[in-house]
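Encoded as structure tokens, the structure appears first; notes follow it.
Because the structure is a prediction, the values reported are computed rather than measured.
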Amino acid sequence: MFYRESGQLKSSYIADQAMFPIAQDRWFVIGVLAVAFLVAPFFINEYWANAILLPFLVYALAALGLNILTGYCGQVSLGTGAFMAVGAYASFKLVGFFPELNFLIVLALSGVVTAAVGMIFGLPSLRIKGFYLAVATLAAQFFLVWMFNKVGWFYDYNLTGMITVRPIDFFGIRITGPEATPAAKYLFTLTVVAVLALSAKNIVRGRIGREWMAIRDMDIAAELIGIRPLQAKLSAFAVSSFYVGVAGALYFAVYLGSVEPVEAFDINQSFYVLFIIIIGGLGSVLGAFLGAAFIVLVPILLKNIMVGGMGFDSGMAGHVEILLMGLLIIFFLIVEPHGLARLWQIAKEKLRLWPFPH
Amino acid sequence: MAFDIFLLEVIISGLMTGVMYALVALGFVLIFKASGIFNFAQGVMALFAALALYDFLAEDGWFFAVFGFTLPVWLAIPATGLIMVVLAWVIERTVLRFMVKQNEIILFMATIGLAFVLEGLGDILFGSDVKPLDIGIPQGASDWLLDNFNLYIEQLEIFAAGTAAVLVVVLAIFFQRTRIGRALRAVADDHQAALSVGVSLDKIWVIVWSVSGIVALVAGIMWGSKSGVQFSLSLIALKALPVLILGGFTSVPGAIVGGLIIGVGEKLAEVYIGPMVGGAIENWFAYMLALAFLLFRPQGLFGERIIERV
């Protein structure tokens with residue numbers, strides 16, 4: 001009744017190829033963005049920003065990056081954590097070299113550095129496929145994290161081996177470190193994520209995105225119809241790593257403030273992001289957000305219910321949480337292997353007909 | 001001369017470590033061969049098996065609390081084996097059955113979920129503290145080798161190598177000579193063709209997961225005796241992965257040879273390259289080594305040739 005595209009006639013190619021051709025979708029996205037930008041900042045507090053919204057946004061961005069590589073181009077990567085580390089350390093060093101540089105430019109440059117590193121580690125993908133490639137990307141994971149931990153130059157030779165963000169002002173507003181208000185951190189991250197998400201939505205439906213999908217579906221056939229695997233695969237690695245690198249820089253500079261490479265960017269981080277895209281839906285921009293919401297919120301919910309509601313001690317609750325997380329993941333994979341994005345799509349299909357049966 | 005002895009020691013201890021890696025990799029290969037599932041939970045299965053075994057043997061476990069006595073080693077190992085078989089059956093019934101024909105990455109993710117479940121379950125049931133596992137495997141250096149050849153080699157590692165050799169022979173016979181083994185190979189070759197000649201997929205999967213559960217038990221015993229039963233035991237799965245891609249996902253001898261190459265390469269690199277770059281390179285060296293091999297043989301050393309058709 002409410003969700004129907006009948007009567008929405010397009011009279012120009014621009015309207016026909018709009019990002020959200022159905023008016024209800026368009027208004028929905030605009031509505032969500034409006035609430036996120038205009039309403040949420042007034043209600044945000046320290047807890048909401050640090051426990052829920054910032055991790056949600058950062059992980060959604062990282063998942064978006066991995067989804068470009070794995071969901072759209074079909075190259076499974078287990079090195080996301082390390083690429084996030086590259087972004088984080090690049091932003092740390094860049095801010096160190098050029099303290100006056102606008103932080104948006106720092107973020108973009110961190111993304112570019114990560115993209116370059118990602119392309120280097122993407123080179124084996126031209127020869128190695130499937131799980132062999134997945135395990136090969138673990139080489140990136142372990143090597144990069146080891147390097148950030150061992151080579152003093154990366155952490156400015158300080159004794160703790162950790163990197164801590166310098167206070168950064170963005171057009172006069174403090175966005176990093178303890179003095180920054182939650183609203184400022186949140187709005188900055190949200191802006192970056194929103195812009196990058198809309199660009200991703202556009203990239204994947206353009207020529208490059210279609211090349212990626214052709215490679216994903218069958219690389220030999222794609223090669224035969226004239227898609228260059230070298231360019232397609234490496235561009236997927238580059239774009240994906242760019243996103244992941246920016247996510248890593250935000251993760252370090254805005255969300256956490258100071259990180260220690262072995263813990264913050266270990267292999268579990270890679271799996272975490274992979275979970276997000278599997279639960280959210282492979283090959284879907286929306287899926288990255290739905291998955292991130294699920295993976296960030298469910299543990300908090302479980303913890304609150306168990307520790308607050310049922311009086312478990314926190315050690316036991318941790319074990320039960322892992323168990324339940326595992327069960328939930330298996331359950332979701334059995335019920336809907338195409339992820340939450342697919343459920344959303346089914347809901348929309350149903351809504352189209354509602355309240356009529358046919 | 002002293003240098004040569006040292007080199008020999010490094011190589012031998014590398015070989016022995018390699019055997020331990022190969023033990024874990026074997027479990028992966030078995031499951032991948034028969035069902036195409038990349039079972040990430042293999043490491044946690046080894047941990048779980050070791051925890052269960054400890055529970056039967058120790059006086060602070062559930063078994064003692066319920067029955068008031070502990071099992072002798074020769075009974076506890078089959079009992080744990082039984083638990084792994086039951087576990088395989090439960091996994092088949094509750095997870096795998098519903099995931100036939102799914103994309104392989106979905107199956108892989110499901111096994112990571114499974115790893116979480118087993119990890120949580122192991123922690124809840126048995127606690128997360130380090131437990132010493134002692135089932136009477138000789139410890140310490142081998143005196144005979146030390147006296148006669150001046151070589152320092154752990155007895156435990158020799159024992160592990162022997163066990164691995166026996167295990168491989170038994171598995172080879174099982175695969176090549178028995179009826180079930182033939183069915184397993186048929187399933188590995190082609191699921192549908194196997195189904196059409198009357199092989200029951202459900203049964204085969206339970207068997208294969210049981211066998212790899214028992215392999216996990218052996219790996220768990222060896223690693224548990226070496227460094228205690230603790231959570232980090234499940235991380236040896238990460239060590240087994242480069243072994244796996246080096247040898248090829250589908251090859252049992254590949255797992256062994258891959259394990260040996262990785263073990264020796266890692267030890268040599270640790271001794272000769274490690275000090276130059278600041279040490280702790282064993283985390284990534286194996287992966288780089290495997291990656292280098294893969295660039296020349298994308299399917300691993302012994303993997304089936306990848307044939308691609310449009």
Side-chain angles (χ1 to χ4, degrees), chain A residues 70 74 76 78 121 123-124 126-147 149-152 218-221 223-224 267 271 274-275 277-279 282 315-316 318-335 337-339, chain B residues 32 38 40-41 94-95 97-99 102-125 127-128 235 238 241-242 244-246 248-249 277-281 283-292 294-296 298-300 303 306 308-310:
Chain A
T70 305
V76 183
L78 295 175
F121 281 98
L123 282 175
L126 301 171
R127 202 154 152 68
I128 308 170
K129 284 165 192 166
F131 279 121
Y132 288 99
L133 178 67
V135 178
T137 56
L138 279 177
Q141 170 70 41
F142 290 113
F143 175 71
L144 289 170
V145 169
W146 171 85
M147 188 175 78
N149 200 27
K150 281 288 171 207
V151 181
M218 187 171 219
D219 53 355
I220 291 192
E223 207 175 334
L224 287 177
I267 174 99
F271 283 134
L274 196 56
F275 273 141
I277 64 168
I278 302 262
I279 299 266
L282 284 170
M316 192 60 172
H319 300 326
V320 178
E321 189 192 311
I322 294 177
L323 177 75
L324 287 179
M325 242 358 234
L327 286 178
L328 270 177
I329 286 163
I330 293 176
F331 174 76
F332 258 95
L333 291 178
I334 290 173
V335 175
H338 300 288
Chain B
F32 192 83
F38 187 86
F40 190 77
T94 54
V95 184
R97 170 160 297 198
F98 303 101
M99 309 205 79
Q102 289 296 353
N103 195 338
E104 45 188 23
I105 183 178
I106 308 275
L107 286 163
F108 171 57
M109 278 286 134
T111 63
I112 298 184
L114 198 62
F116 279 14
V117 173
L118 285 179
E119 189 191 320
L121 204 63
D123 280 346
I124 294 169
L125 288 179
S128 49
L235 298 180
L238 292 176
L241 292 184
L244 214 55
I245 52 171
L246 186 61
F249 280 135
V277 289
I281 62 170
N283 271 339
W284 56 268
F285 182 80
Y287 284 95
M288 286 295 185
L289 192 66
L291 193 57
L294 275 191
L295 286 178
F296 296 100
Q299 70 277 40
I306 302 168
E308 293 190 87
R309 294 191 185 88
V310 178

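- Looking only at heavy-atom pairs under 4.5 Å with chain A, the residue among B:Ile124, B:Leu238, B:Leu244, B:Val95 that has the most is B:Ile124.
- With a 4.5 Å cut-off on non-hydrogen atoms, A:Ile330 touches chain B through its side chain but not through its backbone.
- Between A:Gln141 and A:Leu78 the shortest side-chain heavy-atom distance does not fall below 4.5 Å.
- Partners of A:Asn149 by side chain to side chain donor-acceptor pair (under 3.5 Å), not counting sequence neighbours: none found.
- In this structure, no portion of A:Leu144 lies under 4.5 Å from any heavy atom of chain B.
- Taking A:Phe142, A:Phe143, A:Phe275, A:Tyr132 one by one and counting their heavy-atom pairs under 4.5 Å with chain B, the maximum is reached by A:Tyr132.
- In this structure, A:Ala140 and A:Phe121 approach most closely via the heavy-atom pair CB-CD2, 3.4 Å.
- A heavy-atom distance below 4.5 Å is found between the side chains of B:Leu291 and A:Ile128.
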For B:Leu241 and B:Tyr287, run side chain to side chain contact (heavy atoms under 4.5 Å, CB included): C-alpha distance rounded to whole Å, both residues' side-chain angles, the deciding distance at 0.1 Å, then the answer.
CA-CA 8 Å; B:Leu241 292 184; B:Tyr287 284 95; 3.8 Å; yes
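- Interface remark: A:Ile334 contributes backbone and side-chain atoms alike to the contact with chain B (heavy atom separation under 4.5 Å).
- Within the 4.5 angstrom heavy-atom criterion, only side-chain atoms of A:Val76, from C-beta onward, approach chain B.
- Contacts between A:Ile279 and chain B at a heavy-atom distance below 4.5 Å are absent for every atom of the residue.
- Contacts between A:Ile329 and chain B at a heavy-atom distance below 4.5 Å involve the side chain alone, from C-beta outward.
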Expected list for residues 106-121 of chain B: side-chain donor-acceptor pairs under 3.5 angstrom, two or more places apart:
| unit_1 | atom_1 | unit_2 | atom_2 | d |
| --- | --- | --- | --- | --- |
| B:Thr111 | OG1 | B:Phe38 | O | 3.3 |
| B:Thr111 | OG1 | B:Phe40 | N | 3.1 |
| B:Thr111 | OG1 | B:Phe108 | O | 2.6 |

